[in-house]
Amino acid sequence: MVEYLNQLNESQLQAVEFNQGPSLIIAGAGSGKTRVLTYKIAYLMSLGLAPHNILALTFTNKAAREMKSRIAALEGEATSRRLWMGTFHSVFSRILRRESEFLGYTSDFTIYDTSDSRNLIKTIIKEMALDDKTYKPAKIQGVISMAKNQLFTPERYSQDKENIEHDIRAKVPMTSEIFKAYNARLKASNAMDFDDLLFNTNVLLRDHPDVLARYQQQFQYILVDEYQDTNFSQHLIVQRLADAHHRVCVVGDDAQSIYSFRGANIENILNFQKNYPEAKTFKLERNYRSTQNIVNAANSLIKKNTEQLEKNVFSKNEVGDKILITGAFSDFEEGMIVSNKVAEMRRAKKTSYSDFAILYRTNAQSRIFEESFRKKNIPYRIYGGLSFYQRKEIKDVIAYFRLVINPNDEEAFKRIINFPARGIGDTTVGKISEAAKLHNASLWSVLSDPLRYNLNINAGTAKKLTGFREMIESFLEQLRQLPAYDMAMLITKQSGVAHDAYQDTSPEGMSRQENLEELLGAIHEFTDSRMEEGEENYLLPDFLSEVSLLTDQDTDKDAEAEKVTMMTIHSAKGLEFKNVFVVGLEEELFPSSMALSEVKGVEEERRLFYVALTRAEDFCMLTYARSRFRNGQTESSNPSRFLKEIGEEFLDVQDGMLSRSFSLGNERRESSFAGLRASEPRWSSFSEERNKRESPFQKPQTVQPVLPRSNFVKAENARPKAGSNDGADDVKPGDVIAHERFGMGTIVEVSGDANSRKATVEFENAGTKQLLLKFAKYKKVK
DNA sequence: AATCCACTTGTTTTT
DNA sequence: CAAGTGGATT
């Protein structure tokens, strides 16, 4: 038998070994769910299933990466790479690109992110001459998203009595028309939003039996993680794919379902047995993560929810300390209390800062902790907020990439038609838009042939338009030839984006330059690794299709660093920390005021709190503030109802929740007066950091600016042009080489002729890799 | 066409 | 408080 199986407990082992039919694994918090999934995949392969016949769907890219690397450790990297593992969105976008013709898209379709999609909705509302105070774009977007996740087309939506009546009552009867126009515009732009990735996968599998059969055949075994957070659309994809063989295993915990706002349906997990009557259920109830006290406290809380699957989560770890509850006078003081406690505990217990996490309900709360931690020189890292790929300067360059790859991309077009400023203003864009709408064409086709569409513009403007068009066309010509990095550099320089970035020497401007540099650095790394490993797909579209579904969590460059983690509870799901602070436990904040109107809403908030508590291994502290700065003014607040729902025996209440007396010592009391807030200089987060560091950029150059310094000079020199690595050392099996990225390695095998010599190299720390010698950057050592 | 300023507005969580 | 809008100014 496979030796690693003895690392599992009885119920874990049963879950791993059962694979004759559908199974449902109810995995309590901290019960070794990932371990079970990993071993189950390894076990399936030991039974002879090929990696590419296994489909494993996770909730985040990060989770997929982690599982992949664990499997790589067991089975080797070559094997783990062939698994179909990723989020629903990333796996099915890959499949949709491959099968795009069946749906009337090209394989280069753009994926609109939330803000692209909102902008489009805004435009449509404006074009339909509706009032955007009645038809709030964000709200409409939510309605459309929910509808798509229920697999409603605009037609079906408009025929649904409930929807229509609701919209009439809410005085937004045109919603279904907006939905219709929105979908039409996406299609015309050769673009899909996040929900379309799932929706269209369903359409593909529904309408093309041969395609369905192909994938059913391929995915011999399907595993789904975090099943409680799947929506109907996702659920149906799984059902369709598993329909032929029923070899499907879903893992989840109904007590941790926290994504209903995104259409997640807790019913999916509750109904799994109904869908597959022969399904076998396994329960993982032993929590290995937390102390008994924390597990029991969390249990006492979640008991207040009505609907849930029966289970008994328990811990055999130490009993542990009680959960601390402390009230603060203000949000400011809450920050002080928490940062003091962190500093004190780190000193006393000699733990690393990376063992601490501050968890909050809303991203806006991060600021106050940022300030108090900075004041004490405690290093921290904030996750979430606006992600790298959402920064303006990054979106701008990416819009260029997008337009070159898919000229019909309307949002990209609008974003860059006049950026950097080239004298094509709103009026002109308005005219193009109108002509496009009139002829049902894309903005790009109007631009390409202004005469045909009778564009009423003057000669000067026409010339500017032609200039823009020719520039994009010149990029287009090279798109399939140049490697991603070279293409990206070309676009960045020639479009004037680089020049524009150089002009601005303000701190903000410097930060923008750095971000651009970072993006280009990422593209460079992508290109290199693809070329070195002899992959074909090293073009810009390949890069874009890979990053367009990444979030900030996925670019965790210094996750290892010695820093306190600050994040929302949502993004903390699946993580664990020795010491956890759950902050802002106040009515209207947590539970959120948005959730209070419905019982279901409060129950979801309670599950969210349950998730927060169960992140902690040893120590947990809960805080609330009596007053908080919100919407520009100080508002008073009451302790959260959830605090009273935890069994008293698990708590150590340092500040009577109702009494107003302070038991926090003098120094803190002083700091609780709001006057301090005003006298505190409020640095914007980056301006301070900026002043400390020296800019890697040089002064703007007078001639044609060359973008990046540091990374890029090195980069351009380092990577030889294709086929020109003449100076490289020749190698034979047994030789030892030092590789720029993978470190030391031994040559195992060399194959191929002079122009495409490939070496199999066994690296000390990076596993075994196939390298194309003409691209690889290495030195022969022995 | 671009910039600037005064005003309103709103706020949960994210693939 | 912040972002976003609309209007006025150059």
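Hydrogens, waters and symmetry mates are skipped; everything else that's a heavy atom, side chains included, is used. Predicted, not measured: the structure shown is a model, and the values here were computed from it. Sequence lines set the chain letters: A, B, ... in the order given, protein chains first and strands last, and positions in each chain run from 1.
In the set B:dT15, B:dA2, B:dT13, the nucleotide with an atom closest to the side chain of A:Arg262 is B:dT15. Across C:dC1, B:dT14, B:dT12, the shortest atom-to-atom separation from the side chain of A:Ser592 is found for B:dT12. You'll find that the side chain of A:Asn363 is closest to B:dT13, out of B:dT13, B:dA2, C:dC1. The side chain of A:Phe629 approaches C:dC1 more closely than any other nucleotide in the set C:dC1, B:dT14, C:dA2. Taking the side chain of A:Tyr259 as heavy atoms from C-beta on, and the options B:dT15, B:dT12, B:dT14, the nearest nucleotide is B:dT14. Taking only side-chain atoms of A:Thr114, from C-beta outward, the nucleotide of C:dC1, B:dT15, B:dT13 with the closest atom is B:dT15. Looking at the side chain of A:Ser571, the nearest of the listed nucleotides B:dT14, C:dC1, B:dT13 is B:dT14. Closest to the side chain of A:Thr87, from the set B:dT15, B:dT13, B:dA2, is B:dT15. Looking at the side chain of A:Glu605, the nearest of the listed nucleotides C:dC1, C:dA2, B:dT12 is B:dT12. Listed candidates were B:dT15, C:dC1, B:dT13. Nearest to the side chain of A:His89 is B:dT15.
Here A:Thr568 does not reach the OP1 or OP2 of B:dT12: none of its side-chain N or O atoms lies under 4.0 Å away.
In this entry the distance linking NZ of A:Lys573 with P of B:dT13 reads 16 Å, nearest Å. We find that CZ of A:Arg607 is positioned 15 Å from C1' of B:dT12, with the value rounded to whole Å. With rounding to whole Å, A:Phe388 atom CZ is found 19 Å from B:dT14 atom C1'. As a whole-Å value, the separation of A:Asp193 CG from B:dT14 C1' is 14 Å. In this structure, A:Ile125 atom CD1 and C:dT5 atom C1' are separated by 15 Å, rounded to whole Å. Following rounding to the nearest Å, A:Arg118 (CZ) and C:dG4 (P) show an atom-to-atom distance of 9 Å. A:Tyr389 has its OH atom 17 Å from the C1' atom of B:dT14, to the nearest Å. Taking atom CD on A:Gln228 and atom P on B:dT15, their separation rounds to 15 Å, with Å as the unit.
Using modelled atom types and a 3.5 Å distance limit, the side chains of A:Tyr135 and A:Thr175 yield no donor-acceptor pair. Side chain to side chain, A:Asn268 and A:Thr230 meet the donor-acceptor criterion of an N or O pair below 3.5 Å.
Put simply, CZ on A:Phe194 and CG on A:Asp116 are 9.0 Å apart, with the number rounded to the nearest 0.5 Å. Between the OG atom in A:Ser366 and the CD1 atom in A:Ile382 there is a gap of 4.0 Å [rounded to 0.5 Å]. Atoms CZ and OG, on A:Phe261 and A:Ser592 in that order, are 11.5 Å from each other to the nearest 0.5 Å. A:Asp132 contributes atom CG, which lies 13.5 Å from atom CD1 of A:Ile124 (distance to the nearest 0.5 angstrom).
Aromatic stacking of A:Phe261 on B:dT13: satisfied, with centres closer than 5.5 Å and planes within an angle under 30 degrees.
B:dT11 sits 16 Å from C:dG6 when the P atoms are compared, rounded to a whole Å. Taking atom C1' on both B:dT13 and C:dG4, the two are 22 Å apart, rounded to the nearest angstrom.
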Identify each atom pair where a protein N or O and an N or O of nucleotides 7-11 of chain B are less than 3.5 Å apart, giving names and distance.
unit_1 : atom_1 : unit_2   : atom_2 : d
B:dT11 : N3     : A:Asn631 : OD1    : 3.2
B:dT11 : O4     : A:Asn631 : OD1    : 2.3

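Among the atoms of the strands shown, none is found under 4.0 Å from any heavy atom of A:Phe590. Nucleic acid contact class of A:Ala595 (heavy atoms, under 4.0 Å, all strands): none. Across all strands shown, A:Asp195 has no heavy atoms under 4.0 Å from either base or sugar-phosphate atoms. Using a 4.0 Å heavy-atom cutoff across all strands shown, A:Lys122 reaches sugar-phosphate atoms only and no base atom.
Between A:Glu411 and A:Asp113, every side-chain heavy-atom pair lies at or beyond the 4.5 Å cut-off.
In this structure, A:Lys573 fails the cation-pi test against A:Tyr259, since its NZ or CZ atom is not both closer than 6.0 Å to the six-membered ring centre and inside 45 degrees of the ring normal.
Mapping A:Leu608 and A:Thr461 onto DNA chain B via the closest heavy atom, the residue that lands nearer the 5' end is A:Thr461.
When the options A:Glu605, A:Glu587, A:Glu586 are evaluated for a side chain to side chain donor-acceptor pair (under 3.5 Å) with A:Arg641, the one that passes is A:Glu587.
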